[in-house]
There are 2 protein chains.
Amino acid sequence: MHCKQILGITAIGVASLVIGILIGHFEITPAKPAWLQRMSKDGDPKYSHHLFKEIQAEEIRKNLQFFSSKPHIAGSTQDEEVLVSHIHKTWQASLHGAKIYNYTVLLSYPNASDPNYVSILSDDGTESDLSEKVEKILSPDQNDPTVVNPFNAYSPSGVIVGDLVYVNYGTVEDFHYLTRNLSLNLTGTVAIARYGKIFRGDKVKHGEIFGCAGMILYSDPADYVSGSLDRVFPVDWWLPGTGAQRGTLLQTNGDPRTPFYPSTSSAFYLDERDIELPKIPVTPIGYNDAAKYLSKMSGMEAPIQWQGTLNITYRVGPGLASPFEKSKIKLYVKSYNVQRSIKNVFGFIEGQYEPDRYVVLGNHRDAWVFGAIDPSSGTATMMELSRAMSQLLKEGWRPRRSILFCSWGAEEYGLIGSTEGVEEMGKVLGSRTVAYLNVDLSLAGNSTLRALATPILHKLLFAAAKKVENPNPDEVRAGRKTVYDTWVKNLPSSYDPNIPRVGDLGSGSDYSPFLQLLGVSAADVRYTYDQKYSLSSYPMYHSVYETMDLVSRIMDQGFKYHQAVARLWGEMALRLADDVVLNFDCVQYAETLKRIVMEAQRTYGPMLQEHRMSLDPVREAVEEFHQAAKSLQGRAEKINRENPLEVRKINDQLMQLERAFIDPLGITGSIYHRHVIYAPNRHNLYTASSFPGLAAAMFDIENDPNQERRWQQVEKEVSVIAFTIASAASTMQDTSSIGGVSGKY
Amino acid sequence: MHCKQILGITAIGVASLVIGILIGHFEITPAKPAWLQRMSKDGDPKYSHHLFKEIQAEEIRKNLQFFSSKPHIAGSTQDEEVLVSHIHKTWQASLHGAKIYNYTVLLSYPNASDPNYVSILSDDGTESDLSEKVEKILSPDQNDPTVVNPFNAYSPSGVIVGDLVYVNYGTVEDFHYLTRNLSLNLTGTVAIARYGKIFRGDKVKHGEIFGCAGMILYSDPADYVSGSLDRVFPVDWWLPGTGAQRGTLLQTNGDPRTPFYPSTSSAFYLDERDIELPKIPVTPIGYNDAAKYLSKMSGMEAPIQWQGTLNITYRVGPGLASPFEKSKIKLYVKSYNVQRSIKNVFGFIEGQYEPDRYVVLGNHRDAWVFGAIDPSSGTATMMELSRAMSQLLKEGWRPRRSILFCSWGAEEYGLIGSTEGVEEMGKVLGSRTVAYLNVDLSLAGNSTLRALATPILHKLLFAAAKKVENPNPDEVRAGRKTVYDTWVKNLPSSYDPNIPRVGDLGSGSDYSPFLQLLGVSAADVRYTYDQKYSLSSYPMYHSVYETMDLVSRIMDQGFKYHQAVARLWGEMALRLADDVVLNFDCVQYAETLKRIVMEAQRTYGPMLQEHRMSLDPVREAVEEFHQAAKSLQGRAEKINRENPLEVRKINDQLMQLERAFIDPLGITGSIYHRHVIYAPNRHNLYTASSFPGLAAAMFDIENDPNQERRWQQVEKEVSVIAFTIASAASTMQDTSSIGGVSGKY
């Protein structure tokens with residue numbers, strides 16, 4: 001070739017190279033660094049599959065064996081040392097970090113050498129018909145020297161002698177029936193109330209208000225046994241007559257001596273006399289013992305709805321019938337309150353791109369006795385989920401956001417560990433937590449999934465439940481292949497039979513401080529029993545009979561239900577941690593609000609109208625909320641996922657929506673309940689009340705002598721609800737508007 | 001050429017092209033999209049220069065002329081219609097959006113046809129020595145039919161006849177002197193208090209507590225005139241004897257009928273009888289009138305520190321001296337409270353990359369009369385700053401974060417507009433506001449800059465002041481070329497003479513709801529007078545004499561001081577809006593906390609020790625805070641600015657630090673003051689108290705009969721402070737730790 005040709009060829013080559021460089025740099029793909037591309041993609045779906053595969057029923061069985069092998073009441077060495085140390089070491093070794101948090105709090109125990117009991121005291125001073133001081137041992141694994149005798153935490157000590165009165169479930173309505181309809185004076189009586197329907201602490205509070213001097217709590221077979229009493233444990237899972245339900249009477253959450261602040265070393269502790277504790281002695285007994293007292297009662301026959309299923313006629317009293325008419329009931333309680341150290345354990349997986357966003361998973365650790373159901377079925381599940389996630393980490397998985405596992409202490413006493421933890425770390429957890437997913441216990445039965453959640457999480461719950469294989473082979477054979485399928489069949493929504501029912505969050509477990517103090521969207525899931533039984537809880541609740549034998553022999557032989565809960569929980573966590581845009585459904589929140597308003601209209605509308613008030617401002621606010629929710633949801637769907645700040649903006653709006661429902665002044669004066677839409681029913685801490693402030697203001701309003709003050713309170717509550725919902729709506733508007741400033745573009 | 005050659009050449013070309021493309025795509029530069037590159041760069045410094053150039057003194061002068069041309073008290077047509085509409089239209093046309101917010105709130109006015117006055121009432125019922133019912137007009141621009149007569153807002157109406165008592169400034173200590181040292185019984189007396197030292201509402205509160213039946217407030221020349229009384233206005237800027245200071249007596253912030261909730265259409269309004277309003281009639285007078293009463297007083301000579309500079313001997317009373325010993329003082333007040341509509345106006349510039357982060361700039365609009373200083377000197381400045389920024393927008397500037405301008409209504413009555421606005425939009429503003437920068441008024445004098453700010457903003461303040469040209473030519477000639485140079489010379493810090501003094505934020509202006517309700521870092525700047533005068537405020541404060549004439553003829557002829565304030569304000573806003581990493585100094589917060597603890601130790605240490613308490617837990621928490629602050633600052637400096645989520649994480653930590661000092665329960669029971677480190681002094685709302693809860697608990701503790709209760713309160717406050725600082729420290733830790741969970745890496 002000639003020089004010219006060579007030059008020409010070279011020139012073509014160089015020119016092509018340059019053009020190529022330019023094309024490559026500016027054109028071919030949108031030029032993006034690899035980390036930015038990864039940052040804009042949802043987590044690899046393969047990790048969901050791997051997680052499901054990794055979660056082993058057999059591992060959960062082993063965990064439960066370990067956690068329920070000994071009694072582990074809050075404040076005990078077993079719970080605060082042995083189990084804490086095990087959890088901490090496990091997480092320290094397998095996750096990115098772990099830490100133990102210590103709080104010194106007020107707990108309560110019965111006197112082991114001088115147990116509580118009930119008896120009949122005749123006028124000559126002799127005692128008879130003493131109740132059992134300990135629960136009868138029915139299987140070998142219930143036999144342990146550290147079993148704590150039946151008691152109700154925070155009951156004062158005392159010996160009460162008085163006339164027996166049967167108060168049914170001890171609701172306000174029950175007490176009103178006795179005092180208003182029957183004109184009974186309950187002052188100085190010993191009330192006997194059956195467990196169920198409402199939180200036991202509220203029964204006692206009502207007893208105090210109506211003048212009772214003491215209270216006996218018992219579990220009636222109507223509420224804890226279905227069918228013949230021959231079928232009770234050890235034959236089946238029904239409560240035997242010797243079982244007594246332990247449980248706290250505390251009305252507040254957290255250490256009662258340090259309200260709103262953590263019980264750390266520099267805490268200011270209120271004096272015990274300055275705090276709200278039960279004022280009357282209380283003890284629980286089994287139904288064999290209850291029958292002895294109830295069968296001897298005098299007075300009118302109790303109404304039909306008050307009749308339990310003991311083979312007796314239930315009478316209201318007061319007092320006992322002939323030949324015991326001169327006898328009294330004696331209630332002997334020797335419990336004591338004491339400062340003890342309790343612990344939370346945290347395990348942490350640090351997120352890759354948004355380490356300052358936390359998906360929090362929690363379960364409590366403390367049990368009244370062995371706790372094979374409550375809470376260790378949940379603990380066994382959480383430990384297996386954390387193990388499975390640690391396996392994913394080894395495979396190279398790293399979640400977009402951080403995942404935090406929490407093992408809470410002293411939940412049974414009044415959500416003490418979780419409340420103190422949230423009080424201590426509220427600023428961090430409040431600004432960073434995406435959602436809190438609680439599993440108090442994994443199974444109360446094996447009929448269907450049961451979930452409580454704020455509306456924003458319903459969609460995610462349904463999606464996760466559809467991905468989890470049905471643990472019940474009969475159901476699978478019937479064509480219901482997933483957890484979701486059985487759920488929607490066995491527990492359909494009351495307003496739409498095509499979707500499952502999701503309950504509202506009360507104050508029954510550790511989600512409460514997250515939801516009520518911080519405004520974090522939360523859920524609580526478990527497997528539960530068939531609703532047809534109309535049980536007040538699973539039968540063995542808080543008795544000595546909640547052991548490994550019960551769970552592994554009767555309730556979940558193959559631990560497949562536990563496994564299903566672990567998978568559901570894990571899937572929800574993975575989605576929340578790995579999806580670029582949070583899978584939160586704010587339109588569902590709007591629709592739920594509409595239903596709540598309709599319900600409130602049905603309940604209160606006519607009375608409000610009589611007083612020239614209406615829910616119109618609330619309705620308008622909900623409409624505003626609905627529009628804003630649809631707009632936010634629309635923007636979330638169309639978002640440019642490659643702009644990390646755009647994504648973060650939308651996610652922050654989704655995450656903070658629940659915060660917008662928090663009223664820092666609290667609902668009806670309670671600093672522990674600040675969620676304007678959902679808070680515990682004032683007369684039953686277990687259940688949630690919609691528009692709790694309004695519900696409290698309207699409760700029994702017609703009997704209040706100060707009508708003006710009460711109706712002003714109603715007016716204020718309607719105003720607060722309307723404002724709060726409108727305020728929540730404003731947080732969902734596009735940032736081109738500030739609280740409604742309309743942009744020009 | 002041969003085919004082969006052609007093929008060969010083509011092959012070379014294609015190969016080169018492909019190689020080029022590959023090089024271009026993967027190698028040449030770190031492959032980044034342009035938006036990502038821009039997102040990781042601070043704002044172009046040229047915009048700072050352009051902004052400074054754009055801000056014109058002459059424009060500010062024109063603005064002030066417009067805003068101060070007529071009286072514009074809150075609730076008036078001039079303020080709520082004319083000025084609101086002007087501001088709204090201006091912003092609507094020049095910024096990205098604007099909106100008017102309306103609140104219906106409780107205001108207070110004097111009866112225009114039946115003015116308030118003071119007189120001497122002889123025992124035969126004749127009145128003499130009546131005080132002036134209106135202020136004498138001294139320059140033509142003061143003459144307007146809508147000037148509101150001197151009054152104190154929210155004083156009840158009433159006619160009080162009683163013995164006169166001189167109570168100095170009306171502090172608790174002053175009242176203690178009269179009642180403890182002199183054993184005077186003040187019940188039923190009419191107190192005369194001089195303005196100054198503390199908030200006037202606190203003087204009245206103290207008067208009520210000590211039994212006074214009414215109160216006269218007057219401005220003593222000692223506090224409002226320096227030098228000869230010949231030099232008063234119109235000669236110079238000193239207060240003439242005919243001037244009276246208006247002002248609110250409200251102890252709470254916001255509409256008193258809707259505490260904590262906004263006064264919107266669906267609000268619940270408390271009944272007037274259920275709210276905390278002053279209980280005794282009060283009116284302000286000038287010192288000419290005051291001299292008439294003070295000079296006739298009987299009783300002991302007042303202590304030397306109580307002597308003002310009127311040419312009389314100040315006596316404490318009670319009552320008048322011969323020949324007036326049988327006369328009383330009559331106080332005649334006809335004011336009324338009324339619901340009126342007040343308005344806020346917002347103007348919005350939407351940020352480009354972080355539209356959901358707001359830099360908020362605010363100034364109030366309402367004045368007691370013409371308000372040429374308070375607030376219109378600030379309003380004129382804000383309008384010019386917004387105009388200058390709108391020019392930058394035309395040049396192509398677009399801030400990284402959003403900028404929000406706020407014109408607040410009814411500030412003078414008790415921060416009503418800003419409080420209602422923050423109450424209405426708290427969820428949005430609380431989660432998104434980076435900082436709140438207030439200019440209540442631009443100049444109270446022309447000696448030096450004066451700034452109040454939380455410690456996190458000191459560094460930014462200093463940097464901005466160093467960039468602004470000194471408006472004082474004498475100072476420039478003396479080598480002090482910047483605002484900073486004169487500031488550090490005339491107002492050096494009390495602990496380090498090499499830096500300027502920055503005061504603490506009390507509750508004197510609209511920053512209060514941002515700081516105290518939301519925990520937003522805030523600052524307030526102005527030019528002020530020489531400290532050597534020991535004035536209680538600028539002399540004409542809240543009198544009819546605050547007009548354009550005063551400002552443009554005497555105080556700032558060329559509007560250069562206004563311009564300097566506009567530039568400083570603008571520079572701070574630009575930095576906060578445009579810097580990638582927020583220029584927040586959390587180490588300064590730590591150092592300030594250390595000084596506060598040392599000061600608290602000096603003040604309270606010995607008494608605490610006597611009661612076996614100490615500040616050790618606080619000191620430990622501050623140490624923790626200091627370490628965490630240094631660590632966060634270190635991470636902020638070394639950050640990878642190209643990772644937007646990494647940057648956002650650090651910025652969120654910086655932004656949320658101030659939030660961590662908020663205690664939702666409030667300080668000493670006040671829901672309006674929730675900042676644990678700074679809150680208004682309980683006995684003087686104007687000034688800030690460090691550790692306000694502790695200060696309140698310790699105040700006059702030795703005279704409390706219930707020592708046990710008080711010392712328990714002290715113990716609790718120490719605990720709350722220690723906890724809050726430790727909690728704030730935890731928010732600064734790296735996210736690889738959660739509240740101290742140490743990560744493995």
Side-chain angles (χ1 to χ4, degrees), chain A residues 9 12-13 16-25 28 30-33 36 96-99 260-262 266-268 346 348 350 353-356 404 425 427-428 431 617 644-645 648-649 652 656 660 664-665 671 715-716 719-720 722-723 727 730-731 735-736 738-744, chain B residues 9 12-13 16-25 28 30-33 36 96-99 260-262 266-268 346 348 350 353-356 404 425 427-428 431 617 644-645 648-649 652 656 660 664-665 671 715-716 719-720 722-723 727 730-731 735-736 738-744:
Chain A
I9 292 165
I12 289 169
S16 303
L17 186 70
V18 169
I19 292 167
I21 289 173
L22 292 173
I23 293 175
H25 185 52
I28 286 256
K32 254 170 285 151
L36 184 61
H96 291 150
K99 188 166 170 176
F260 220 73
Y261 301 99
S266 63
F268 172 74
F346 281 13
F348 193 60
E350 193 184 24
Y353 301 119
E354 297 190 83
D356 57 343
L404 182 63
M425 283 164 280
K427 297 291 179 182
V428 165
S431 60
L645 292 179
R648 176 78 162 218
K649 180 182 90 169
D652 276 1
Q656 285 167 357
L665 295 189
I671 53 173
E715 199 185 336
K716 180 175 178 191
S719 165
V720 168
F723 160 66
S727 162
S730 76
T731 69
T735 50
S736 64
I738 143 79
V741 169
S742 44
K744 286 196 302 184
Chain B
I9 292 164
I12 289 168
S16 302
L17 185 72
V18 169
I19 291 167
I21 289 173
L22 291 173
I23 292 175
H25 185 53
I28 288 256
K32 254 169 282 152
L36 184 61
H96 291 151
K99 186 165 173 178
F260 220 75
Y261 300 99
S266 63
F268 171 74
F346 282 12
F348 192 61
E350 193 185 24
Y353 302 120
E354 297 190 84
D356 57 344
L404 182 65
M425 282 164 281
K427 297 291 181 184
V428 165
S431 60
L645 292 179
R648 176 79 163 217
K649 180 181 90 169
D652 276 2
Q656 285 166 357
L665 295 189
I671 52 173
E715 199 185 334
K716 181 178 177 187
S719 164
V720 167
F723 160 66
S727 161
S730 76
T731 69
T735 48
S736 65
I738 144 77
V741 168
S742 44
K744 286 196 300 183

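A quick note: this is a predicted structure, and the numbers were derived from the prediction, not measured. Below, read A as the first sequence line, B as the second, and so on, with proteins coming before strands; counting in each chain starts at 1.
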Query - CG-CG distance between B:D356 and A:L645, expressed to the nearest 0.5 angstrom - result: 8.0 Å
Query raised in the report: Measuring heavy-atom distances to chain B, does A:F260 have an atom under 4.5 Å in its side chain, in its backbone, in both, or in neither?
Result: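 Just the side chain, heavy atoms under 4.5 Å.
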Query - Per-residue contact mode, A:E715 against chain B (heavy atom under 4.5 angstrom) - result: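 For A:E715, backbone and side chain are both near chain B.
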Report task. Go through B:P262, B:P617, B:A722 and name the one with the most non-hydrogen pairs under 4.5 angstrom from chain A. Result ->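 Result: the option with the highest number of such pairs is B:P262.
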Query - For chain A, the option from B:L665, B:D652, B:T731 that forms the most heavy-atom pairs under 4.5 Å - result: B:L665
If you define the side chain from C-beta out and look only at heavy atoms, does anything of [X] sit under 4.5 Å from [Y]?
{"X": "B:K649", "Y": "A:P355", "result": "yes"}
{"X": "B:Q656", "Y": "A:K427", "result": "no"}
{"X": "B:Y261", "Y": "A:V720", "result": "yes"}

Report task. Indicate yes or no for a side-chain donor-acceptor contact from A:S719 to the backbone of B:S266 under 3.5 Å, with no hydrogens or angles considered. Result ->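 Here the side-chain-to-backbone pair exists.
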